[in-house]
Amino acid sequence: MSTSPAAEAARRRTFAIISHPDAGKTTLTENLLLAGGAIRAAGAVRARGENRRTRSDWMKIERERGISVSASVMTFDHDGLMFNLLDTPGHEDFSEDTYRTLTAADAAVMVLDAAKGIEPQTLKLFEVCRLRDIPIVTFINKMDREAQDPFALLDEIASKLALDPAPLYWPAGSGGRFRGMLDLRREQFIPFAKKSSDAEEGHPDPVAFRGNAVVSYLDADEQGELEEGSMLVQEAAKPFDPQAFLEGHMTPVFFGSALRHFGVDQLLEGLGAYAPPPKPVRAVRGGEETHVAPGDREVSGFIFKVQANMDPNHRDRIAFLRLTSGKFSRGMKLKVQNTGRQLSVNAPIMFFASDRELAEEAFAGDVIGIPNHGVLRVGDSLSESGALRFAGLPNFAPEILQRVRVKDPLKAKHLKKALEGLAEEGVTQLFRPIIGADFIVGAVGQLQFEVMADRLANEYQLDVVFESSPYAEARWLSGERADVEDFQNKHRSAMAVDIDDQPVFLAKSSWEVGYVGERYPKVSFERSKERA
Ligand SMILES: Nc1nc2c(ncn2[C@@H]2O[C@H](COP(=O)(O)OP(=O)(O)OP(=O)(O)O)[C@@H](O)[C@H]2O)c(=O)[nH]1
Ligand SMILES: [Mg+2]
């Protein structure tokens with residue numbers, strides 16, 4: 001087998017699963033792992049307190065609430081291809097994580113709940129995909145429940161997303177009347193086995209649609225309806241064109257039920273066949289625009305996510321590196337572009353479904369976890385020379401600022417460390433006012449505070465409460481040092497520092513920001529922090 005970086009990258013399929021909350025991303029992730037032979041049994045997402053649990057919702061709060069709060073990566077080898085699958089949270093309070101994760105993906109699977117179609121959050125995520133030219137595969141999930149008319153669903157994709165839907169399968173009924181689906185390319189009927197228990201399920205093998213065996217699964221009416229529907233849709237929809245898909249104009253549409261492991265094999269096959277391998281990535285080297293190709297010799301990549309305490313016993317901090325070129329081998333030295341710091345990557349982790357393993361080698365498209373002590377941050381570009389810089393990642397300004405208090409005052413020092421640890425993930429912001437002993441936490445959504453309180457309890461044994469703070473806006477200051485210092489000295493009661501000791505102005509309203517901004521034209525007040 002060839003191991004040239006180009007050939008290895010060519011067999012990578014790195015994709016993110018996106019959708020509105022609850023459409024079934026995590027369930028689908030699990031079942032793709034199952035379909036790929038990476039695990040034996042899928043855990044029920046909502047099976048609280050049981051041993052069977054999803055691999056990608058590994059945080060305690062995720063298991064308890066049955067929601068994903070953090071993106072996770074899962075790698076598996078199937079059919080000669082390496083799949084890197086990124087499960088993302090659907091709730092908008094966690095959008096930042098999802099947006100960043102999309103920067104590491106070469107394709108996206110958009111999961112739609114067949115009863116709901118395109119929901120607001122799906123639309124937003126889709127816009128991000130479009131900005132980044134990521135081709136989109138559509139999976140219409142929950143066909144085992146009463147669904148909308150499939151034609152209406154396709155119409156919605158076409159009108160709301162301005163994307164040509166090209167169904168590769170066509171469903172026979174839904175909910176209690178769901179019988180299976182027709183493979184439009186092979187004229188085969190794939191029967192859905194109805195079973196009420198969630199035990200290991202097998203669905204019967206496909207049969208020829210025009211053959212005799214189909215009558216065991218469809219009565220005459222159902223057969224006629226499916227025949228008519230499939231003819232209509234093939235007349236109405238454009239045939240699937242892989243090139244139009246890669247260019248972002250068309251989406252192949254799959255149907256199924258992730259929970260009942262139906263249609264998942266077909267989706268995996270489609271991803272293998274059509275999802276693109278890693279592409280060249282735009283970068284800057286020595287001030288010049290350039291492209292980094294997956295087959296380039298130099299090993300490079302960027303950090304799109306940092307996660308603290310994946311192993312709570314070790315207070316670890318894992319930076320997720322999406323590789324963009326070269327052949328990475330364990331022990332290699334990589335340099336961080338902005339700081340020039342070099343690090344030996346001795347214990348890189350790959351996240352296989354059943355286990356984490358040391359990554360001996362990795363190629364463009366792969367995601368490896370690098371344990372570090374806060375040296376690596378989201379958005380960092382890594383390479384052997386340290387000269388490559390990839391485009392920055394989106395930075396969300398905090399929308400809500402709250403004061404955090406630990407119930408046991410003796411634990412205040414411990415609280416500081418814990419808050420810093422979580423803030424290093426870059427999703428929540430920590431501000432320490434210059435005057436007083438408060439900690440102010442900034443986040444984009446209310447749910448972030450709940451997650452934080454929960455994680456502080458579970459990962460740091462700290463019982464905290466979040467309270468409203470007098471502040472509504474945080475602004476990072478920049479400008480000539482003397483000007484910034486002058487401003488700070490005159491506004492000490494509203495000044496704070498972030499985890500990197502950068503000065504931050506805390507304002508009571510956006511009006512106040514505008515007001516002081518006019519009086520200090522030489523100082524700029526940034527809504528989010530760009531790392532130098
Ligand atoms: N009936 C039915 N239920 C499903 C199916 N897929 C998922 N579910 C259920 O839908 C609920 C949400 O599923 P998840 O996989 O957690 O959804 P998600 O998109 O990952 O949710 P977030 O990550 O929180 O946005 C769970 O109760 C699943 O069991 C399906 O095909 N059929
Ligand atoms: Mg989920």
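Sequential numbering from 1 along the given sequence is applied to the chain's residues.
To the nearest 0.5 angstrom, Gln342 atom CD is 5.5 Å from Lys335 atom NZ. Of the inter-residue distances, the one linking Glu92 atom CD with Thr98 atom OG1 reads 11.0 Å to the nearest 0.5 angstrom. Atom OG1 in Thr101 sits 9.0 Å away from atom CZ in Phe320 (nearest 0.5 Å). Atom CE in Met310 sits 10.5 Å away from atom CD in Glu459 (nearest 0.5 Å). Ile67 contributes atom CD1, which lies 9.0 Å from atom CG of Asp93 (distance to the nearest 0.5 angstrom).
Formation of a donor-acceptor pair under 3.5 Å by the Thr324 side chain with backbone atoms of Ser300 is found in this model. Under a 3.5 Å cut-off, the side chain of Ser19 and the backbone N or O of Lys25 do not form any donor-acceptor pair. Under the 3.5 Å distance criterion, the side-chain polar atoms of Asp500 are left unmatched by any main-chain donor or acceptor of Gln502.
Annotation: Arg282, atom CZ; neighbour count of heavy atoms from other residues, nucleotides and ligands within 6.0 Å does not exceed 12. Atom CD of Glu518 has 12 or fewer neighbouring heavy atoms from other residues, nucleotides or ligands inside a 6.0 Å radius.
Between Lys413 and Lys417 there is no side-chain heavy-atom pair separated by less than 4.5 Å. With a 4.5 Å cut-off on side-chain heavy atoms, Leu419 and Met452 count as touching. The shortest distance between side-chain heavy atoms of Pro371 and Asp316 does not fall below 4.5 Å. Contact annotation: the side chain of Leu343 approaches that of Leu376 to within less than 4.5 Å [non-hydrogen atoms, C-beta and beyond]. Taking the side chain as every heavy atom from C-beta outward, Val128 and Ile18 never approach each other to under 4.5 Å. Looking only at side-chain heavy atoms (C-beta outward), Met110 and Leu161 come within less than 4.5 Å of each other. Residues Glu288 and Thr290 form no side-chain contact, since every pair of their non-hydrogen atoms from C-beta on lies 4.5 Å or further apart. Residues Lys327 and Phe363 meet the side-chain proximity criterion, which asks for heavy atoms closer than 4.5 Å.
Ion pair Glu62/Arg65 not flagged as a salt bridge, since none of the NZ, NE, NH1 or NH2 atoms sits closer than 4.0 Å to an Asp/Glu carboxylate oxygen. A salt bridge is defined here as a Lys NZ or Arg NE, NH1 or NH2 lying under 4.0 Å from an Asp or Glu carboxylate O, and Lys142 with Asp22 fails to meet this definition. A salt bridge links Arg527 and Glu473; the closest N-O separation between the charged side-chain nitrogens and carboxylate oxygens is under 4.0 Å. Salt-bridge check for Asp501 with Arg432: passed, with a basic side-chain N closer than 4.0 Å to an acidic carboxylate O. A salt bridge does not link Lys279 with Asp106: every distance from a Lys NZ or Arg NE/NH1/NH2 to an Asp or Glu carboxylate oxygen is 4.0 Å or more. Ion pairing of Glu424 with Arg317 is present here, as a side-chain N (NZ or NE/NH1/NH2) and a carboxylate O approach within less than 4.0 Å. Salt bridge Lys522/Glu480: absent, no basic N to carboxylate O contact under 4.0 Å.
Residues Leu102 and Leu125 share a closest heavy-atom pair of CD1-O, 4.3 Å. Among all heavy-atom pairs drawn from Leu321 and Ile370, the shortest one is CD2-CD1, 3.9 Å.
Between Phe15 and Phe83, the ring planes are perpendicular. Angles over 60° get that label, and only those under 30° would be called parallel. In this pair, Trp511 and Tyr515 present their aromatic rings parallel. The plane angle is below 30°, not in the 30 to 60° band.
When only modelled atom types and interatomic distance are considered, Gln121 and Ser95 share a side-chain donor-acceptor pair under 3.5 Å. Of the N and O atoms on the side chains of Ser72 and Asp87, not one donor lies less than 3.5 Å from an acceptor on the other residue. Counting only N and O atoms by type, the side chains of Thr26 and Ser68 include a donor and acceptor under 3.5 Å apart.
Remark: aromatic rings of Tyr520 and Phe505 are distant, center separation not under 6.0 Å. Here Phe396 and Tyr99 bring their ring centres to under 6.0 angstrom of each other.
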